[in-house]
Structures are given as C-alpha cells and as structure tokens.
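Before any comments, here is the structure.
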Amino acid sequence: MAIGMLIGCFVAAASAEPLNSPNLQKDGTLRPLSAQDSQKLIEVPAGFQLELVASEPMVQEPVCFAFDPDGALFVCEWNTYMQDQYATGQFEPKCRVVKLEDTNGDGTFDKRAVFADSLMLPRSIIALHDRILVRMSNDNTIWAFFDDNKDGVADRKEVALAGGPVGGNIEHQDDSLVWNVDNRIYETSRALRFKDGKLQAVKNIPRYGQWGLAHDDVGRLYGSGNSVPVQGWQSLGGYPNATPPSEDAVKYANFICEVDDATDPGHEVTATGGQTMLRTRQFGRYTGSYVIPDPVRRCVKIVAFEERDGVRVAVPHPDFKGTEFIRSPDTYFRPVWTDIGPDGGLYIADMSRGIVQESQWFPTERTQDPNPRWIARYYRAKEWNMLGVHQRGRIWRLVPKDRKLLDPRPAFTAKSSTELVGLLGHPNGWWRDTAQKLIVCREDRSAVPALRTALTDASPNSRLLAMRCLQSLDSLTFAEVATALKDADENVRTTAIAIAETMVAQSPDLEAALVSLAADPSSTVLSQLYTTLRTVHTPAAAKTLKALEDTKPVNGSVALLQKAGQKLPKELEPYRAGYTIFTGFCKECHGDGVNGLKVEGGLMAPVFAKNNRIKDPSYLVHVLLKGLQGPLGTGETYAAGMMPPLETMYKDDQLAAVANYIGVQWAGWKTPVTAEDVAKWRAETKDKQTPYTFEELKGLR
C-alpha cells in the first residue's frame, strides 16, 4: 500500500553535521512531543491555520478515515502495526475502527466509541447511507457494519462483497473505497457499485496506485506510488487510462526533516499516498489543486495542473516552488491520509510514531545480509530511541483563518432525497459527493422530479450530478443527454458523452450528436469523445476517430490515449495479462523497463532492457517468486534495496504471464515459461522464507 505505502522507502543516511532536531534531548535520544508542542512546529500556508481535532488517547495509530453523512469521523486504527522492530504480532486481529464525534460543535472531537474491534489491519473505509464498509488487509472481502441502535458501536456485520485471501506485502495490496461522480466506488484496482441494496463488483481496472485515491469534479481518478506523487488522471474512472506528463520537480521533496536525511542526494519524495483534490471554496486559489502527504519527508505536497497542447500536465504549485504546502521538523510528524471534511477543511491523519516502514524493508540485527544503508538506519533509530514510539496519533485540520468561511455541521441523514438534490451544486465537494451518494444508495425515485429540474440549474456541478443521479435511477432520457452534450460547461459535456456511450445503440440521434463534438475546443471533451467512439463500431464513429487522431496540435490528450491503447506487438499479445500486471505494479519501481525510475540520484530498481540476467527464465521466475535483496554485483545497488516476493500475491499463470512479457520483450526468449514451470519452481522453493541474495541465485544457475 504505500503506506507508501507507509511507507515506502524510509531513506536515511548519517549526517556529518551535528543533529539539530527539536526532539533532541541531552542524552542524544529524540523525545516524542505532545500534540500541542508538535502543533507549534508545523508550518502551513499563509491565511490558514492548523487545528488539532483529536489526539491520543482519543485516536491511536490512524491510517485512514471517512466521514459519515452527519459529520462523524470513522478512523481505521492499526494498533498492531510495527509495534517493535520485528513486527511482533502485526497480523493478530486486534485492530479497530473508532467513531469520533464533535458533540458541542466547537470543531474538536470529544466523544470516542470503538465502532468495530478485533480486525485485521483495516485499510479501506467508506460511509454509505445506512452502513460503514470496511476492507481488511490480507483479504479482499468487504464487510458492512451496521449500528442499529445508534450508540456508536456496530451491532452486526455482514459480507458486503465476498472475497478471499490476498497475498503480498501489505504495502502492495489494494486499498481505498472512494465514491466517484460516476456512481461507482473505487478501490485502487477494482470498481464497485451499490445497487438493489447490495455491493456489486463492476469490473477490475488497471491499478491506479498504491495508497489512496482522489477524484476531481468530472470523475478522473488520481493515484500515486511511493516516489510518484500523482499518476493516472487522464480518463474518467474505470476507462482505459494513461498518465500525462509531470514536471520532474513534482516528485522533489522541498522539505526534508533533518532526522530523515538532509544529505540525501536526490531529495525525492519517498512515501506518498492518502491524497486529496481540493474541491471546495474554502481553499480559494488552491481549489483544483491536489495534495498528498509524505510521512517520511514529514510534509504534505501540493500539485497544480497546467494544460499544454491539450494535456493536463502536473506541475509544482507556483506558490510553493522550493517549499511545501505543510511541513514540520518534528521527528514524529507522520501524515499518511488526507480528506476534505464537511466544514470544508483539509483533515490530516498523523500516525505520530517512530517506525513507518513495514518490516520487510526494516532489517534488524536478526536479518541475514542486510542492506548496509538500511541496517545503519535501524541502529540509528534504535540509538535515537525511536523504536518504541507508537500507540499515538493525531487528526489535524487545515482551515482558513476566517472561520466564517467554514460550513456548518451537516445533518444529511434526516434530509429527504428531494432536499439532497438542492445540495448537488454546493461549493464544498464533500457536500456534493455525500448528497449524490445518499440519493444513489437510497434508490429513492421520489427525487426524480427535483433532479430533472436540477438539469437546468445555474451550477455546472448540479447539472452534472443530477444527470448522474438520474442515470443511476434509470430515469435519464435520450433528449436530456442530447441537451447536455451541448452544455456550456466542458465537464457536463464530457459526462454526457460517457453516459451517451451506453445509449447510442438505441438512438442514432445521439451518435450524430457525439460525432458533431469532434471540433470541441475542450481537451477534456475530446479525450472522452475519443474513448467513447472507440466502443461505437459504426462508419461515422470510425471516420471521426480518424479525424481526431489526425488533428494537430490541440488534442494531445487524444494522442496520449492513442499511444496507451495501441496493441501490443504480435509476439507479446499472448502475454497481455503480464503486461497488465507490469504496468499496474512492476512499473512503480522499474519504470518503463527501459529507462527505469530515477530516485535519489540513481535508479529505483534494475531496468530490463539489455539485462543479461533475465535471459535465464529460471532466474527471473525465482526472483518473482521469492524476491531479491542486496546488491546484484560489485557496486550495483538500487534505491529500492529489495524486490518483494510475489508468490502469495499472484497465481502461477499470472507469474508466468508477467515473466514472459518481460523475457520475450527484453531478453529475446524463444520459449515461454508455463504455469506448470512456475508451479514446479514454487514447489521446489516452498521452504525458503527469505528473499534471495544475488549469490544464492548464482548458485541456483
């Protein structure tokens, strides 16, 4: 997960300069600060203030959270995560979800209830109209919890979507349950919907990232990887996707806590996740920007977007070049999750702990042949007395200094569906999302007349979401979609195109309306039009697609999607499943396989092009199965330090597919490996419990 997840790559090298930390004590240890003392050190943008809304013991080990329709906060607490350097008891079902409430309306949570207990590292949570959905680690089953007597404690639970065991490191498992404007709930690689009172899996989707998801007003999804603050975002949720360019500076950490490593030559981010789009008036000129925390660098970054030749390029926000949106020198400031709250503030979960690195990447004196830099980090953290700092946690909120800008506490549960329609154009994105979510989940057709009226509302968001709500209630007409295709707002037109895709076979007039948009000035519209017309197999659609592909230079978004959607070479087409795994998982360390991913002044992991080692299928498959740690020869080291084992994450046929995709493309394999080959090697190595070293692999060959 990242929790980079957490957290991805905690890189720290000894500094030659004397340590100058606010946590430093005379004995050389680093003391944890009270919430009040920590608050004094956190720097925030001008015009805003950071407020403490909960701290230990009110909340402990918070990793993610979600607000319910009436403003209560449900927090997933990882009470077993890295409680010592050996991860003792980490997978015991002792974690929980707690419900925090602000009973007197002063902005601070003052009531806590353990909503659900005895859980296995809960990693995803969302509040629907009458239930809380939660997904745990090591299993992709989603559970629904119900509080029937409204005492803040779940009275019962049921399986909302049946799943099963999931392998792989907890940093690499899917997470997030995010409501999107297309009436779907998204995990990082799965789309769901709530229909007929049940949660249903719509389809698997290309993986958006590791830890956290965000969406914008039109429904594009934004993912991240440890060292990649933003990825995806070209297409609406669930569609074939592409990652537009980002300026290199987007991945730089312009603030690095001294304890982390002021000597790191790369200064890149290393543990991004838990991101949010600022979709609320309270953030003024920052509205439309994207924020993402990095708990290793002790900061929250902000990213803006500029359109260049029809492509929305990610760039550093102009107000924060050379610095970060939120930053702190406090050793134990560990922001891991963010979201907009009902009041319009930005809420931040801070784990406030010493270790934010899963045990697989945290060698100790028990580890055989550890990465020298990592083991030095361990002894340094031990000397600083950081290992025992846990069972803490804070929830902060960033709000404007002008408190009159804050929205009141909501009470959505008591509102009728018709009343909720009036909130679809609210200037706070949380209010819009929640109103839409309740209308859709209630499946209350009494709202249809009000929704039809909202189609002509002055607010583009209201028109867009009314259309989506009518779609969910099977009440949207061809004529209403045709009208929306001519709307003055590009997001409304884009949404209408996506909806028309499901109707065009029954309405020739809609096809003509779609084709007429080929000259639209909006790259957002053209991007969706191109994607939609690829599903409409008619001569008119084919002619329009050709025209879109040939038009220069304003539709760079179309060119980006065209490139991403190109067929694989004939020899690789049989291994498309491997390509999907590679692009959704492997690229987060290996990049495109040719140029690699550069961090810290070097490569995150080996490239595959011209890599003689992978000419041996046995070598590659054994690495995929068991992982690889340490240098790959004299002086050949990589920032990731370790390839994690994938044997519990992927089945034999999947590992064969990704091995063949790599081997056929970059090593010239003439004979592909089979699932049976992988099964044989899996059985032969079943007793090996640690990743290979390069020397061990040389012995195998």
Side-chain angles (χ1 to χ4, degrees), residues 69-70 126-130 178-185 192-198 200 202 215-219 236-238 279-280 342 407 410-504 506-507 509-510 513-514 525 528 532:
D70 296 325
I126 188 173
L128 299 187
H129 60 310
D130 65 348
V178 174
W179 182 269
N180 197 17
V181 298
D182 61 359
N183 304 320
R184 291 174 175 173
I185 299 168
L192 316 167
R193 67 175 176 177
F194 189 82
K195 188 75 172 175
D196 300 325
K198 296 180 180 180
Q200 306 169 0
V202 179
H215 73 87
D216 61 19
D217 286 340
V218 74
L236 302 190
R279 303 167 48 240
T280 173
D407 290 313
F412 279 29
T413 301
K415 292 184 182 296
S416 70
S417 299
T418 297
E419 290 174 314
L420 291 173
V421 173
L423 301 176
L424 295 177
H426 197 280
N428 181 338
W430 183 89
W431 286 58
R432 298 194 297 271
D433 291 349
T434 305
Q436 178 201 9
K437 178 171 60 177
L438 295 189
I439 292 169
V440 171
C441 290
R442 288 175 179 177
E443 302 180 74
D444 182 0
R445 296 183 59 82
S446 69
V448 168
L451 289 168
R452 289 229 147 83
T453 300
L455 290 175
T456 58
D457 194 272
S459 164
N461 285 321
S462 184
R463 301 197 298 274
L464 187 159
L465 294 177
M467 189 163 41
R468 284 296 194 183
C469 289
L470 286 168
Q471 179 191 23
S472 76
L473 295 170
D474 299 320
S475 300
L476 190 63
T477 67
F478 295 148
E480 288 164 341
V481 175
T483 298
L485 288 170
K486 302 174 184 177
D487 196 277
D489 183 80
E490 65 176 350
N491 285 349
V492 176
R493 297 198 302 278
T494 299
T495 302
I497 293 169
I499 294 174
E501 181 177 319
T502 65
M503 298 178 163
V504 68
Q506 290 80 40
S507 174
D509 290 343
L510 278 182
L514 285 174
V525 169
Q528 183 58 42
T532 288

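Since the model is a prediction, treat every value here as computed from it, not as a measurement. All residue numbers refer to positions in the sequence shown, counting from 1.
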Which pair of heavy atoms, one from R442 and one from S416, lies closest together, and at what distance?
-> NH1-C, 3.5 Å

Measure the spacing between CG of L485 and CG of L510 and express it to the nearest 0.5 Å.
-> 6.5 Å

Note: A447 and T418 closest approach over all heavy atoms is CA-OG1, 3.9 Å

Within the side chain of R493, is there an N or O that forms a donor-acceptor pair under 3.5 Å with the backbone of A484?
-> no

Which of I499, V492, I497 passes side chain to side chain contact (heavy atoms under 4.5 Å, CB included) with T495? It is I499

Polar side-chain atom of T434 near backbone of W431 as donor-acceptor pair, under 3.5 Å | no

Start with the C-alpha distance between L470 and L455, add both sets of side-chain angles, then the distance that settles side-chain contact (heavy atoms from CB on, under 4.5 Å), and finish with yes or no.
-> CA-CA 10 Å; L470 286 168; L455 290 175; 3.7 Å; yes

For residues S475 and R445, is any side-chain donor paired with an opposing acceptor at under 3.5 Å?
-> yes

Distance from E443 atom CD to S472 atom OG, nearest 0.5 Å?
-> 7.5 Å

Which atoms form the tightest heavy-atom contact between V481 and A500, and what is the distance?
-> CG1-CB, 3.9 Å

Sole residue of R468, H215, Q471 in side chain to side chain contact (heavy atoms under 4.5 Å, CB included) with D182 | R468

Knowing that exactly one of I439, V421, V448 qualifies, which makes a side chain to side chain contact (heavy atoms under 4.5 Å, CB included) with C469?
-> I439

Kindly indicate whether the side chain of K415, heavy atoms from C-beta on, has any atom under 4.5 Å from the side chain of L438.
-> no

Scanning both residues in full, the closest heavy-atom pair of N180 with G219 reads ND2-O, 3.0 Å

Heavy-atom neighbours of K195 NZ exceed 12 at 6.0 Å | yes

L128 vs F194, side-chain contact (heavy atoms from CB on, under 4.5 Å): CA-CA, chis, key distance, verdict = CA-CA 9 Å; L128 299 187; F194 189 82; 3.7 Å; yes

Check for a donor-acceptor pair, side chain of Q436 on one end and backbone N or O of V181 on the other, with a separation under 3.5 Å.
-> yes

Test item: R193 and N183 side chains (from C-beta on) under 4.5 Å apart, heavy atoms = no

Between D444 and S446, a side-chain donor and acceptor under 3.5 Å = yes

Rounded to the nearest 0.5 angstrom, the CG-CG distance for L451 and L473 is 6.5 Å

Q200 side, atom CD; L192 side, atom CG - distance, nearest 0.5 Å | 9.5 Å

For residues V504 and E501, report the shortest heavy-atom separation together with the two atoms involved.
-> CG1-O, 3.8 Å

Are side-chain N/O atoms of D217 and N491 paired as donor and acceptor at under 3.5 Å?
-> no

Taking every non-hydrogen atom, the tightest pair across L424 and R432 | O-CD, 3.2 Å

Beyond-backbone contact of F412 with P342, side-chain heavy atoms, under 4.5 angstrom = no

Got a donor-acceptor contact below 3.5 angstrom from the K437 side chain to the P69 backbone?
-> no

Between R463 and D487, is there a side-chain N and carboxylate O pair less than 4.0 Å apart?
-> yes

For the atom pair CG (D216) and CG (L236), what is the distance rounded to the nearest 0.5 Å?
-> 8.5 Å

W430 and T280: CA distance, side-chain angles, deciding distance, side-chain contact (heavy atoms from CB on, under 4.5 Å) verdict | CA-CA 8 Å; W430 183 89; T280 173; over 6 Å; no

Is there a side-chain contact between Q528 and V218, using heavy atoms and a 4.5 Å cut-off?
-> no

